[in-house]
Engineer: 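My questions all concern the structure below.
The structure presented is a predicted model; accordingly, all values stated were derived computationally and were not measured. First the proteins, then the strands, lettered A, B, ... as listed; each starts at 1.
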Protein chains: 2
Amino acid sequence: MNLRELSDRLGLSQTTVSRALNGYPEVSETTRKRVQDAATQFGYQPNQRAKSLATGRSMQIGHVIPFSTQHEMVNVVFSDFIAGAGEVYAEHGYDMLLSLVPDDREVEAYSELARKGSVDAVMVHGPTLDDPRIPLLSDLGIPFLVHGRSSAAQTPYHHLDVNNQRAFHRATEFLLDLGHRRIALVNGLEQMDFAARRRAGFIEALRKRDVLPDAGLMSSAEMTEFSGYDAAQQMLGRDAPPTAFIASSIVPAMGIRRALEERGLVMGKDVSIICFDDEISYLPNGRSEPIFTATRSSVRAAGRRCATHLISIITEAPDAPINEVWEAELVLGNSTGPAPAAH
Amino acid sequence: MNLRELSDRLGLSQTTVSRALNGYPEVSETTRKRVQDAATQFGYQPNQRAKSLATGRSMQIGHVIPFSTQHEMVNVVFSDFIAGAGEVYAEHGYDMLLSLVPDDREVEAYSELARKGSVDAVMVHGPTLDDPRIPLLSDLGIPFLVHGRSSAAQTPYHHLDVNNQRAFHRATEFLLDLGHRRIALVNGLEQMDFAARRRAGFIEALRKRDVLPDAGLMSSAEMTEFSGYDAAQQMLGRDAPPTAFIASSIVPAMGIRRALEERGLVMGKDVSIICFDDEISYLPNGRSEPIFTATRSSVRAAGRRCATHLISIITEAPDAPINEVWEAELVLGNSTGPAPAAH
DNA sequence: CTGGATGTCCAAAGCGCTTTGAGGCTGGGA
DNA sequence: TCCCAGCCTCAAAGCGCTTTGGACATCCAG
């Protein structure tokens, strides 16, 4: 059933039927009603391809996800983010176009998506310190929003980020207040902007208290359970092992906890752990009370908010860039306690 | 840059340029070369919307994901599956259209997607025992493939599934062979086809050895860490606690392990655990050797395979239904051992 | 009775591509 | 010299929708 068939059957022109269905005022309410009833009766649904060709809008928003054989691909955080974004898209009649590409072709993928015209906007995930996608997308002239930030970017761009630096600053201060001095940082990959900022916050807090950052107590890797475990194992084997860990996510924190358990160390007593908690739906940080003390910010809520912003960028084309920064909460769990007295 | 501009600039007709770019034989190689060079030089990319209107194919494949506030939404397994499928789509020039809808509107979402014509096919996730989407999609006449099975379906349909029944049969037999008699099943939601089949395999294996299934040792819930923990806590508190658990996934298995640890029970010695391992990329079951003894089948590989099949269904429209069933491996880890002697 | 509002509806021109059916060139055989 | 393959290229008709620029009644004030 297409528009012509429907209008023929109603004895109306295509124009009138189209207007009736799209809520234009030039059509009488009785006619509109008649058209709508017929549409539902025959299960008429305008062809999206034709519609988007005519309107010039695809009603689709692109998300490009790089994958490679070595990295974790669709990472944990990502799937909660798109859950949030997807809800908002659905509410506004948009669909999400997911494009998985080998990570060496990621940049091409964006320009292809933009030039093909299959999306009205794109969401940028996981920005690095100096992310090439930002100038690229600016040049292409396609609306985009960055989840995170790219500190070295020269031109303004829309983004929403968590105040990662402040979050890790606070976490570090909190541990210092508990008397910890040998604090380990189990960070994400530091070419990522968020990881670099977290490290900056960590170091800044140490410096303020005249604690020298120790390179042996800082690691940087993908945020997996094993990378957390490995880092903890290695650091706990040192002469002067850390009495506390700050982890980039709940996943490596679980690895750290496993390393503690293996050594018979009690979390929150012998060794403290703080992590960043993205409130991942299927890896919640406890129920009534948190397992890990954590700096917390919901990535799903961020997805919702980013989607809302992106849609408004498409429809309203604001000239002032959106630069929203969320503060993470610091929630107390059972994984932290005073530094054990030195032997 | 559109086709007309490009052809004007080349002094050729739109037809010739289109044919040259799409590899038709009616155009000389020298012309083709000239056209291709110009296309890359000007960054010409055919407008996907116009192309799909003209060809009647959208080069997009739809995935509908239901969400609700109570359930886990984009679940763990799902994100690895789409990673696999997305790779294959990319290789074949397809994009993935993700549609998140409230779960009470899931069925509508499919028919809307089909009638709108924004996808050439859809992938069906998480089929229930008698899934309404299968007759619906058959009626709509849109190509589709089911990841899993729907046992009560009346008509044939394309699907790829793991032999869940056999996998849990083997796992149960393995525990019986180790002398376990009080074996608990921590299953997924049993309206899901896969969970029902797993339960059937479990019960069948017990029956064969004349072990009476105990309703108190079977639970059914969403596959979260907490649901595993809760089930284990409750069962271990019984008069005759289980000596072994079979878990639906590595996630609840982690919850079970936590419950054991809390009670000072040693996994693989006091209590055994077997789980189904979907080889989720960021929750791997150990590295050199598995943590959990498990029935294993890669969900990412399944995603790849499903995508390959679905594309061939689109392009070749086979009349024989694809019914592929994979056998899960049984891999030995450290989580299982002989049943402890009765006191 | 006429003129302009007002309210309804319509024909036709795109949107940018693919594809059909035909036409122009070239060269070799009659 | 002429003609017909064989090779290249083209004009134009869709694909199914939106949207512009009217047209045709109907109605009321002048």
Engineer: Between the protein and nucleotides 22-25 of chain C, are there any N/O to N/O pairs under 3.5 Å, and if so, what are the atom names and distances?
Structural biologist:
none

Engineer: Rounded to whole angstroms, how far apart are NZ on B/Lys116 and C1' on D/dG16?
Structural biologist: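 Rounding to the nearest Å, NZ of B/Lys116 and C1' of D/dG16 are 15 Å apart.
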
Engineer: Can you check the A/Gln45 CD to D/dC17 P distance for me, whole Å?
Structural biologist: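 Answer to the nearest Å: 10 Å.
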
Engineer: Could you say whether B/Leu53 or A/Lys51 is positioned toward the 5' end of DNA chain D, judged by the nucleotide with the nearest heavy atom to each?
Structural biologist: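 Closer to the 5' end of DNA chain D: B/Leu53.
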
Engineer: Quick one: are B/Gln60 and A/Gln60 in side-chain contact, heavy atoms under 4.5 Å?
Structural biologist: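 Of all side-chain heavy-atom pairs linking A/Gln60 with B/Gln60, at least one is under 4.5 Å.
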
Engineer: Ignoring hydrogens and angles, tell me if any N or O in the side chain of A/Asn22 forms a donor-acceptor pair with the backbone of A/Tyr24 under 3.5 Å.
Structural biologist: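 No: the side chain of A/Asn22 does not pair with the backbone of A/Tyr24.
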
Engineer: Strictly under 4.0 angstrom, non-hydrogen atoms only: write out the protein contact profile of nucleotides 8-13 of chain C, one letter per nucleotide from the 5' end, B, S or -.
Structural biologist: BBBBB-

Engineer: Whole Å only: how far is the CD atom of B/Gln48 from the P atom of C/dT18?
Structural biologist: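 Nearest whole value for this atom pair: 10 Å.
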
Engineer: In whole angstroms, how far is the C1' atom of D/dC15 from the CD atom of A/Glu5?
Structural biologist: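 In whole Å, D/dC15 C1' lies 14 Å from A/Glu5 CD.
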
Engineer: Starting at CG of A/Leu3 and ending at C1' of D/dT18, how long is that distance when rounded to a whole Å?
Structural biologist: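 Spelled out: CG on A/Leu3 to C1' on D/dT18 is 9 Å.
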
Engineer: Using only heavy-atom distances, determine whether the side chains of B/Asp193 and B/Ser150 contain a donor-acceptor pair under 3.5 Å.
Structural biologist: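 No, no side-chain donor-acceptor pair sits under 3.5 Å.
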
Engineer: When you check the phosphate oxygens OP1 and OP2 of D/dT20, does a side-chain N or O of A/Tyr24 lie under 4.0 Å from one of them?
Structural biologist: no

Engineer: Quick check on C/dT18: is either OP1 or OP2 less than 4.0 Å from any side-chain nitrogen or oxygen of B/Ser18?
Structural biologist: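 Indeed, a polar side-chain atom of B/Ser18 lies that close.
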
Engineer: Of all the heavy-atom pairs spanning B/Asp120 and B/Met59, show the shortest one and how long it is.
Structural biologist: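 Closest approach of B/Asp120 to B/Met59: OD2-N, 2.7 Å.
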
Engineer: Under 4.5 Å between any side-chain heavy atoms of A/Glu106 and A/Arg133, yes or no?
Structural biologist: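 With C-beta onward as the side chain, the pair touches.
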
Engineer: Does one side chain, of A/Arg57 or A/Tyr94, offer a donor that lies under 3.5 Å from an acceptor on the other?
Structural biologist: yes

Engineer: Under a 3.5 Å distance rule, please check whether A/Asp131 uses its side chain to pair with a backbone N or O of A/Thr128 as donor and acceptor.
Structural biologist: yes

Engineer: Given atom CZ of A/Arg49 and atom P of D/dG14, what is their separation to the nearest angstrom?
Structural biologist: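 My rounded result for the distance is 18 Å.
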
Engineer: Roughly, in whole Å, what's the span from CG in B/Asn47 to P in D/dC15?
Structural biologist: 19 Å

Engineer: Does the A/Arg115 side chain pair with the main chain of A/Leu140, one donor and one acceptor, at a distance under 3.5 Å?
Structural biologist: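 Absent.
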
Engineer: Whether A/Asn22 contacts D/dT18 is assessed here as follows: a side-chain N or O lying under 4.0 Å from the phosphate OP1 or OP2. Is that the case?
Structural biologist: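 Affirmative; the distance criterion is met.
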
Engineer: Check the distance between C/dC17's C1' and B/Asn2's CG and give it to me in whole angstrom.
Structural biologist: 10 Å

Engineer: Between B/Arg149 and B/Asp161, is there a donor-acceptor pair closer than 3.5 Å when you use the side chain of the first and the backbone of the second?
Structural biologist: no

